[in-house]
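Note that this is a predicted model, so its numbers are computed, not measured. A note on names: the letters A, B, ... follow the listed sequences, proteins ahead of strands, and every chain is numbered from 1.
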Amino acid sequence: MNDQMRVRREKMNDLLAEGIDPFGHEFKPTALAAELDQKYDQFSKDELENKHIEVTVAGRMIAKRGSGKVGFADLLDRSGKIQIYVRKDVVGEQAYHIFKRADIGDFLGFTGEVIKTDMGQLTIRPTKVTFLSKALRPLPEKYHGLQNKEQKYRQRYLDLISNRTSFDRFQQRAQIIKAVRSYLDNDLDFTEVETPVLHSSAGGASARPFITHHNALDIDLYLRIALELHLKRLIVGGMGRVYEIGRVFRNEGMDKEHNPEFTELESYAAYYDFYDVMDETEGIFRSAAKVVSPDLKIEYQGQPVDLGQPFKRIHMVDAIKEKTGVDFWPKLSTEQARQLADQHQVSYENYWQTGHIINAFFEKFVEPTIKDPTFVYGHPIEISPLAKKNADDARFTDRFELYILGNEYANAFSELNDPIDQRQRFEAQAQERVDGNEEAQGIDDDYVKALEYGMPPTGGLGIGIDRLVMLLTDAPSIRDVLLFPTMRPED
RNA sequence: GAGCCGUUAGCUCAGUCGGUAGAGCAUCUGACUUUUAAUCAGAGGGUCGGCAGUUCGAACCUGCCACGGCUCACCA
């Protein structure tokens, strides 16, 4: 324990000795800092002096300055900061003593008049001081805030107290999710549902799952890697338009864009095709962007993005042709595709067929170059086991991904609703797994059975909510939009 | 998984050639009745991430370990 912690414990004991509970009780503030600023900052010092507005506020004292018989403090509540101006001759000997002995970090309540200082700063001049809760540890430095990234992630509460941009970002995250919900609920008449997190087989995406064990049933279960297969069962069940915003878990590497658990939105709408889903996606992005920028123009890491313009649309094969001159429209054997890959230094796995190679060309030569919001559609069937074949060209699917500034933000398709085709696709996936793709999904018989009862033509969509929030709040790392990112334990 | 970088007071950071540890904020004492990174005077506060090694002597050099960051690879 250091000197500061020792002193704070002494002060805690002093409070007890004076009959004050250092970890107080309920308190009824009548105003928030931001509210006061909005309502009264427009008035002059004299106008406020005549109004005699009395309010009660509560919060954490985050700064303190003063002289002998008066003191100033900054009080932080959930809305922001308000200055407090405590005068010994107004609050009295005992209250002033409490204020003077209070440490930065302590929670205090004040009742008093809203005034302006000579410097024009909106301030509360209390007549009453209430001690609410003692901080036994000192806060990070007031000017620089908490800079140590590891500590920001491990002790997010300190980051939230001392770095307002971080605090605001998490408020914005909540608002963005609310806006997305509102768009789906109110504009498109979707129903929000909750499906299981514990799956008996992990499907709906290509990823390695976390495995856990259920004792009573004595079976291993997987934490879900996607929401897809359950939501489509609900389309079979006649729910028509459903979505879920929920946590999924992928047992893979971590970096600036990947956390082992993250939040995904998936939506499914009967009778939509993937063009309808493009419109839906634009609607979601605009609703979300409006939260941070009414004109839908944003900047991400120094690069401008206009989410107000119609998103571009391009077929994957055309995009590759445009960037590399390589034309994948003519039908190519796996051997021919591999030759092209060799010529362009695109490496491939044993189990790869033409479609995998087309996708690899896209990822290597096109994906990093996309700046404006762009729907890239027509993914090869080999990498799209849940998407409907294109009616005119069975090598490709009616699937798209949305790219902005070289990053993927959405993945969607006209859903494969032919149970016979679906079983074959699952079998191809199972074969891929045998051939060495650890992330290929297994056969989900129960899901195929559901399809056999009949699923209407359906358009589905998946959006990584964390990446959307990163984009809209200009966050460089996914850890900056997750309150508690996954960290290795310290000891 | 690889490479590079980082870890020094509660926080933000310096630390020269290897010679026994520094600043600002914060804390403590005192002064101060309109401050806002308040000011002024004084004081206390360190397992220099950990463990070994080299050396008369290590925050500094070497090795190993821990945690983190960045980049790359992996990952639709």
Side-chain angles (χ1 to χ4, degrees), chain A residues 1-8 10-11 45 62-74 81-90 96 101 103-105 115-123 125 135-155 158-159 161-163 204-208 225-226 250-258 260 316 347 349 352 355-356 358-360 362-363 367 376 379-380 382-387 397 399-401 403 408 410-411 413 429 432 437-441 462 464 476-477 479 485 487-491:
Chain A
M1 194 176 345
N2 63 42
D3 58 332
Q4 300 198 45
M5 289 172 67
R6 222 168 277 124
V7 166
R8 283 164 185 251
E10 280 165 21
K11 288 178 177 174
K45 185 175 193 293
I62 56 164
K64 194 176 166 186
R65 44 190 178 271
S67 31
K69 298 181 179 63
V70 304
F72 290 86
D74 291 336
K81 275 194 297 192
I82 182 81
Q83 179 170 265
I84 310 293
Y85 171 45
V86 187
R87 291 178 62 100
K88 190 174 187 178
D89 58 5
V90 175
Y96 195 72
R101 291 281 285 167
D103 284 306
I104 289 171
I115 62 156
K116 264 194 178 173
T117 62
D118 293 345
M119 301 303 288
Q121 173 76 47
L122 196 73
T123 298
R125 185 179 53 211
L136 294 178
R137 290 174 183 269
L139 255 34
E141 202 243 2
K142 64 183 171 188
Y143 188 62
H144 299 91
L146 184 65
Q147 295 300 321
N148 184 304
K149 285 188 186 177
E150 178 173 359
Q151 214 173 342
K152 283 166 69 139
Y153 300 147
R154 288 192 196 276
Q155 294 179 277
L158 294 180
D159 180 44
I161 293 163
S162 62
N163 299 319
S206 306
R208 274 181 285 186
I225 58 171
R250 297 187 182 180
N251 205 341
E252 292 172 345
M254 298 165 66
D255 59 35
K256 279 168 84 164
E257 279 141 8
H258 298 80
M316 184 180 280
S347 50
E349 304 287 337
W352 281 23
H356 296 96
I358 293 174
N359 185 55
F362 171 76
E363 287 183 357
E367 186 176 322
V376 176
H379 295 58
E382 293 93 327
I383 59 157
S384 312
L386 300 162
T397 58
R399 172 182 176 187
F400 72 79
E401 289 179 307
Y403 290 92
E408 179 195 332
N411 178 25
F413 27 89
Q429 285 288 300
E432 259 196 39
N437 182 0
E438 281 184 63
E439 304 196 334
Q441 27 193 322
S477 167
R479 296 184 195 99
M487 301 288 278
R488 195 185 285 273
E490 275 179 295
D491 293 317

Can you tell me, in whole Å, how much space there is between the [atom1] of [N] and that of [M]?
| N | M | atom1 | answer |
| --- | --- | --- | --- |
| B/G24 | B/A43 | P | 12 Å |
| B/G15 | B/G19 | C1' | 14 Å |
| B/U39 | B/G45 | C1' | 23 Å |
| B/G10 | B/G53 | C1' | 33 Å |
| B/A58 | B/A52 | P | 13 Å |
| B/A21 | B/C13 | C1' | 14 Å |
| B/G42 | B/G63 | C1' | 46 Å |
| B/U54 | B/C64 | C1' | 15 Å |

Heavy-atom pair of closest approach, residues [X] and [Y]:
| X | Y | answer |
| --- | --- | --- |
| A/Trp352 | A/Ser347 | CZ3-O, 3.4 Å |
| A/Gly68 | A/Tyr96 | O-OH, 3.3 Å |
| A/Glu382 | A/Glu432 | O-OE2, 3.9 Å |

* Contact letters for nucleotides 33-42 of chain B, in which S counts primed atoms plus P, OP1 and OP2 and B counts the base, heavy atoms under 4.0 Å -> BBBBBB----

* Using a 4.0 Å cut-off on protein heavy atoms (strictly under), produce a 5'-to-3' string for nucleotides 66-71 of chain B with B for base contact, S for backbone-only sugar-phosphate contact, and - for none. => -SSSSS

Need one value for [X]: base, sugar-phosphate or nothing, where a base atom within 4.0 Å counts as base even if backbone is also close, heavy atoms only.
| X | answer |
| --- | --- |
| A/His258 | base |
| A/Glu363 | sugar-phosphate |
| A/Gln151 | sugar-phosphate |
| A/Gly145 | sugar-phosphate |

First locate atom [atom1] of [X], then atom [atom2] of [Y], and finally report the distance between them rounded to the nearest 0.5 Å.
| X | Y | atom1 | atom2 | result |
| --- | --- | --- | --- | --- |
| A/Asn359 | A/His379 | CG | NE2 | 6.5 Å |
| A/Leu386 | A/Asn411 | CG | CG | 9.5 Å |
| A/Arg208 | A/Arg250 | CZ | CZ | 13.0 Å |

* Quick one: list whatever passes salt bridge (charged side-chain N to carboxylate O under 4.0 Å, His left out) with A/Glu150, sequence neighbours left out. =>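 Result, salt bridge (charged side-chain N to carboxylate O under 4.0 Å, His left out) vs A/Glu150: A/Arg154.
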
* Results of salt bridge (charged side-chain N to carboxylate O under 4.0 Å, His left out) for A/Arg137 - residues two or more places apart only ->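 A/Arg137 satisfies salt bridge (charged side-chain N to carboxylate O under 4.0 Å, His left out) with no other residue.
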
Whole-Å gap separating [atom2] ([N]) and [atom1] ([X]):
| X | N | atom1 | atom2 | value |
| --- | --- | --- | --- | --- |
| A/Gln155 | B/G10 | CD | P | 13 Å |
| A/Glu349 | B/A73 | CD | C1' | 13 Å |
| A/Asn163 | B/C11 | CG | P | 14 Å |
| A/Lys11 | B/G10 | NZ | C1' | 14 Å |
| A/Gln441 | B/A76 | CD | C1' | 11 Å |
| A/Ile383 | B/A76 | CD1 | P | 10 Å |
| A/Leu139 | B/C25 | CG | P | 17 Å |
| A/Tyr96 | B/C32 | OH | C1' | 10 Å |

* To do: Check whether the side chain of A/Asn411 and the base of B/A76 form a donor-acceptor pair under 3.5 Å.
  =>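 Pair found.
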
* Who pairs with A/Tyr403 by ring-ring contact (aromatic ring centres under 6.0 Å, His included), at least two apart in sequence or on another chain? ->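 Residues passing ring-ring contact (aromatic ring centres under 6.0 Å, His included) with A/Tyr403: A/Phe362.
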
Report each atom pair, protein N/O against N/O of nucleotides 44-46 of chain B, whose distance is under 3.5 angstrom.
residue: B/G44; atom: N2; partner: A/Asp3; partner atom: OD2; Å: 2.3

* Asked: Tell me, which pairs form a salt bridge (charged side-chain N to carboxylate O under 4.0 Å, His left out) where one or both residues lie in residues 81-90 of chain A, sequence neighbours left out?
  ->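 Of all non-adjacent pairs touching residues 81-90 of chain A, those that pass salt bridge (charged side-chain N to carboxylate O under 4.0 Å, His left out) are A/Arg87-A/Asp89, A/Lys88-A/Glu93.
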
So, using side-chain contact (heavy atoms from CB on, under 4.5 Å) as the criterion, who are the partners of [X] when residues are at least two apart?
| X | value |
| --- | --- |
| A/Ser67 | A/Val70 |
| A/Lys152 | A/Leu146, A/Asp159, A/Asn163 |
| A/Gln155 | A/Gln151, A/Tyr157, A/Leu158 |
| A/Gln4 | A/Asn2, A/Pro138 |

* Grab the stems for RNA chain B, please: at least three consecutive Watson-Crick or wobble pairs, both distances below 3.5 Å, written as range with range. =>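 The stems that RNA chain B takes part in, listed by first number, are B:1-7 with B:66-72, B:10-13 with B:22-25, B:27-31 with B:39-43, B:49-53 with B:61-65.
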
* Asked: Using 4.0 Å as the upper bound for N to carboxylate O, is an ion pair formed by A/Lys64 and A/Asp103?
  ->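 No, this pair does not count.
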
